[in-house]
4 protein chains.
Amino acid sequence: MAGNSFGHVFRITTFGESHGPAIGCVIDGVPPRLPLAEDDIQPWLDKRKPGQSRFTTQRREADCVRILSGVFEGQTTGTPIALLIDNTDQRSTDYAGIAERFRPGHADFTYQAKYGIRDYRGGGRSSARETAMRVAAGAVARKLLNCLVPGGVTIRGAMVQMGPHQIDRQRWDWATVGNNPFWCPDAEAAAQWEGFLDGVRKAGSSIGGVVEVSADNVPVGLGAPVYDKLDADLAKAMMSINAVKGVEIGDGFAVAALSGEANADQMRMKDGKVHFLSNHAGGILGGISTGQSIVLRLAVKPTSSILTPMLSVDRHGNEVEVSTKGRHDPCVAIRAVPVAEAMLALTLADHLLRQRAIDH
Amino acid sequence: MAGNSFGHVFRITTFGESHGPAIGCVIDGVPPRLPLAEDDIQPWLDKRKPGQSRFTTQRREADCVRILSGVFEGQTTGTPIALLIDNTDQRSTDYAGIAERFRPGHADFTYQAKYGIRDYRGGGRSSARETAMRVAAGAVARKLLNCLVPGGVTIRGAMVQMGPHQIDRQRWDWATVGNNPFWCPDAEAAAQWEGFLDGVRKAGSSIGGVVEVSADNVPVGLGAPVYDKLDADLAKAMMSINAVKGVEIGDGFAVAALSGEANADQMRMKDGKVHFLSNHAGGILGGISTGQSIVLRLAVKPTSSILTPMLSVDRHGNEVEVSTKGRHDPCVAIRAVPVAEAMLALTLADHLLRQRAIDH
Amino acid sequence: MAGNSFGHVFRITTFGESHGPAIGCVIDGVPPRLPLAEDDIQPWLDKRKPGQSRFTTQRREADCVRILSGVFEGQTTGTPIALLIDNTDQRSTDYAGIAERFRPGHADFTYQAKYGIRDYRGGGRSSARETAMRVAAGAVARKLLNCLVPGGVTIRGAMVQMGPHQIDRQRWDWATVGNNPFWCPDAEAAAQWEGFLDGVRKAGSSIGGVVEVSADNVPVGLGAPVYDKLDADLAKAMMSINAVKGVEIGDGFAVAALSGEANADQMRMKDGKVHFLSNHAGGILGGISTGQSIVLRLAVKPTSSILTPMLSVDRHGNEVEVSTKGRHDPCVAIRAVPVAEAMLALTLADHLLRQRAIDH
Amino acid sequence: MAGNSFGHVFRITTFGESHGPAIGCVIDGVPPRLPLAEDDIQPWLDKRKPGQSRFTTQRREADCVRILSGVFEGQTTGTPIALLIDNTDQRSTDYAGIAERFRPGHADFTYQAKYGIRDYRGGGRSSARETAMRVAAGAVARKLLNCLVPGGVTIRGAMVQMGPHQIDRQRWDWATVGNNPFWCPDAEAAAQWEGFLDGVRKAGSSIGGVVEVSADNVPVGLGAPVYDKLDADLAKAMMSINAVKGVEIGDGFAVAALSGEANADQMRMKDGKVHFLSNHAGGILGGISTGQSIVLRLAVKPTSSILTPMLSVDRHGNEVEVSTKGRHDPCVAIRAVPVAEAMLALTLADHLLRQRAIDH
């Protein structure tokens, strides 16, 4: 009801502010007897962690996760799994200047209007710091998917557009994704982006981007029509990530220009199973997974924290200007990649368990 | 859990198949003492009703709604409101041919895979017929918004692209929307679309489109971070509509190419209130409404029912061809307009009540 | 949220007022491919139906149930099952006298206070008429339990106390239960009660009672600690029945006087399975079913509608007297028996599906 | 779904095992701008804390609570409040003997059967240690009730029966409750119980009890018919407490023997408000609070951990005997008092916020 939970059977509830003592997550509904340890979670957090290149915020957090409950002798017990990360690099003084002022594009104004109070330090609850817990919980969801789905489910993400610069999909190479600071699957584009983003960063500006995530080997039949269609829940999952302004599945907005013939994913039999000749649908029909790869894209807006002074107001109604000098990401889309992967994993884990409840 | 409900406080649950005896909806959580009668609902159903032009399916349904409960002496009582529409034009024989075959692009294959059984008549539960109840429930949500928000909330929709043809936003005129069969706000575009869609229709083909919906005079402060952000819930609401493949808010996918400066909605004071100088954000920051107009767009795929035979399989694993000769919409985006409006109304009504629970 | 739903996976939502056009129920989450027809439901409604002896209200309702959705060719499809019963014997004029007055012991005052409006005809939503839909939904739950649990689950109820008169448990005979108008398992007590209740009825008075329900062959492992313990959910289910003021499981309130030794259900092995030597616990330990019979009792207050004038007030704040001359049950505990059985079935069905989601 | 949450708007989720590193709770849905600090919570934990007399377990926990989130500059912010208590006195070795054996009356057998694994140390998740977080969350609920209800809501509990020994209600004195180790409101009974319980304790036995809790100054109109009646939710709340086997409200099981005349709470006007002449109903009619005091009783079984060897089995199917020599409460009903108070506070807080959402 208050919006800090995601999922129905595999359900996470996160808590914590950017500059509070800790952030955490409770995962309820994890089946018993899955092997689980902190080592299953920490690598994904490390992947998301800020301060790893000059293109992400220089805030330095160890982001060391502890499992407080729900695991016994290396296995889940079916009871809630609590994860905790202490906040260590808080530098509250950085934010004193914005205690009273609303940063354009941030949630400062709306939190103040909604609650009449806000923890302004680093954005408080609205900070992207919360996404660390999504990544941690997503690691547990991945573990579940890999344990319960024969062959495992492969969930991967990449950045496919930075500012006006798109990748060339012909050059897509998953092996390249980890070799550049942008999770870019196109080595040539990555090289180009590096110079481009350096310019943005040095200008104290920021830029948007597009992220693509996919899941391979998803079982047929996941998704709960009518309102909890798999794509509907994925759209919600992705749009709940900070700074995301658009979500599309399969051909997405391009379908508007297509004819029924061009958009059809025709079917044949192959090795005794239904085989689709294309995947315009992005792996979902009628809100239910088809067994094809699920493919989503999300548009991420440029960081609102920029050096150029912007017109704003303060909470007393005075007109002011705001510019940001602190540690910030010139392109937050980069760090959205592991978060989008996590949300995809969480959504699939939930629907997998939901399906088990009614499996015929 | 099974996906037939939407909303938390203002919560609807729909039921019914395309060719069953009736479709219906239970609306729970409506505050007491709102004036309500069938006359508040029927006009919106009439607007959505098929068979009103040669561009929508020729199925003819009276779509006459009855209120079965929750209203007494012209006012809501706080108890659940049940709405019922009898199905009258069912022609089940039209669908005999597809009992065994999976129509490409439809939910036939996935329902069969998920449930091991499906009501194939007209798509059963996966039929767009279910959206009639969304429109009916949406009418109740509109009523609630207009009663509880001073000045009322104006929710409107329009089609802004048909196939490759976009409107000219300079010519946008809300008065034009009701004067053409496409809910098109640009009279010139509407005229062009008429010829274009006639060609599509006569060819037995279909075409996609883009719908835009907006809400004016939305109170500041609606939306429940972190996972139930207003835009996240709207993305889910829109993506749950049949055939929708993408959702964007405000500038949407265009933000990817923007700099932080270009994307900022700067603020000034005006008449003692915060006034935004632009609305790139589409009326939502940090998942909470800003008080500006909420603006969304959704991409609708072309109807999958087309005359051209498509490769498919049947449920016994035989390779077959499928073509559709029945009554169908050449451009389902048209009929998505009132449904998208309804989903916007439902989402806002739910978040309005949620906010009242914690209002400081 | 508004309280008209029960269950999480197997979830019912009921609607309708005593004197509205119809009452109904939507059951969501029923697994596909269970055989189901109106004939599976109607007999249970007939059992609950009023007017079958001089000891229940003389209101005469056909209570003829129709399935509006979710069933195709004799099987459930996994989509929501809507059930509808038209109200036929409404006699609204009977209730004109109480439009303004609050009947002591009824919900008149509290509904008026909560909602500022109430459908006073026959108690509106607070009428026991709503329980017809519980019984109908309970019939579907029984079907599910019998299909999914090997050997089926036997759910039975009986009245074990009427006013001060308790049964002799030594004479308990399930075969007797259907042979008297009280669902009494003790033939001698039943004979005694008949005379006793005739006296109550003729005096225009009413009397309380105690109902016992049990479920045999319940699988081990149902129930979701900590807050959704099986006994906690059953307590809620039973206490939600009109006029119930107490619930106990197993030895219930008698445990207060027991020592740990006397209360222990010791265990031995029998035929390779754990065998309990007693069932003080009523079949539940730590909120999870043990595999023993689940045994519950509920205390039902006397009907508040009596002939003796009672002091009350009206909704304008005037002091008045209220007496009831209409058709009423002298002992509502009788009709609580099939309702309690239904609530037990609904709770078990929900927890059975919940367990399937996480089954190791 | 997995049962570790309670409430809908004011919603708590607890985690942690008896002998894990910590126990905790996330409270979501707390309105912003309530004053809150650890000092508001700690006193209630101290009241519940074990080891304060010879009549409760000698486990010694500091039970020092920390607020990790959701509070800023002394006020709630509307974001989730996380509470954490480190486990300090764990002595896992005490429990080595029961790793394989099922203690009769405990959840050992059912957890093992449900999950196929259990954290046997101190009962793991099924330990009453979890109730510390209920008390902590209940303290926040009390704060909310006192801030939002004019005059505040007074929630109190007492033990009214120990084994066969009941209090004399004529001697009820709330001031006495805190002056004896039993929360007994009758000083004479308390004196008697002391000797009685010493005997039980020295014999290594245990005894049951009955707890009564009440709430004064509850607003009229709380409770959500039909399934979320206030008494239904309270019954669930109380039955979810470890060892509780029965719940009754108002006259409870005694109503079975009453006539309609004897059970009626007649109404008069007093100071312009409705005034009830009695409170057989325990403050709830039709599932909605009447404004009278809410009065509940719960039956608590004797501790299952006793010195006398009991027949049991181990998880390999061997027949064994089990006796308990560790630190245990001879009468767990004593420590159920603050927990029952907390559950009452939590239920009322949730329904208060639910009512605000639809207030007319």
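All chains are named by letter (A, B, ...) in the order of the sequence lines, taking the proteins before the strands, and each is independently numbered beginning at 1.
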Open item on the list: I'd like to know if the side chain of A:Arg268 and the backbone of B:Ser312 have a donor-acceptor N/O pair within less than 3.5 Å.
Closed with: yes
Task: Heavy-atom donor-acceptor pair, B:Gln266 side chain to A:Leu311 backbone, under 3.5 Å - done: yes
Task: Residue, of B:Ala107, B:Ser304, B:Ala357, B:Gly209, that accumulates the most heavy atom pairs under 4.5 Å with chain A - done: B:Gly209
TODO: Name the region of B:Ala2, side chain, backbone, both or neither, that has any atom closer than 4.5 Å to a heavy atom of chain A.
DONE: backbone
Task: Heavy-atom proximity to chain B below 4.5 Å, by part of A:Met343 - done: side chain
- [ ] Determine the interplanar angle of the A:Tyr227 and B:Phe6 rings, folded into 0 to 90°, and report it as parallel if under 30°, tilted if 30 to 60°, perpendicular if over 60°.
- [x] tilted
Task: Partners meeting salt bridge (Lys or Arg N to Asp or Glu O under 4.0 Å) with B:Arg101 (sequence neighbours left out) - done: none
- [ ] Please check if the side chain of A:Glu319 supplies one atom and the backbone of B:Met269 the other of a donor-acceptor pair under 3.5 Å.
- [x] yes
Open item on the list: If you compare all heavy atoms of A:Met310 against all heavy atoms of B:Ala264, which two are closest, and at what distance to 0.1 Å?
Closed with: SD-CB, 3.6 Å
Open item on the list: So which atom in B:Gly260 and which in A:Ile306 form the shortest heavy-atom distance, rounded to 0.1 Å?
Closed with: C-CD1, 3.7 Å
Open item on the list: My understanding is that only residues two or more places apart in sequence, or in another chain, count here; which of them pass salt bridge (Lys or Arg N to Asp or Glu O under 4.0 Å) with B:Asp350?
Closed with: B:Arg354
Task: Option that, when pairs with chain A are counted at under 4.5 Å, heavy atom only, ranks first among B:Leu234, B:Thr14, B:Ile12, B:Asn242 - done: B:Thr14
Open item on the list: Can a donor-acceptor pair be found, under 3.5 Å and without considering hydrogens, that links the side chain of A:Lys236 to the backbone of B:Asp228?
Closed with: no
- [ ] Report yes if some heavy atom in the side chain of B:Phe253 is under 4.5 Å from a heavy atom in the side chain of A:Lys245; otherwise report no.
- [x] no
Task: Structural part of A:Ser289 lying under 4.5 Å from a heavy atom of chain B - done: backbone
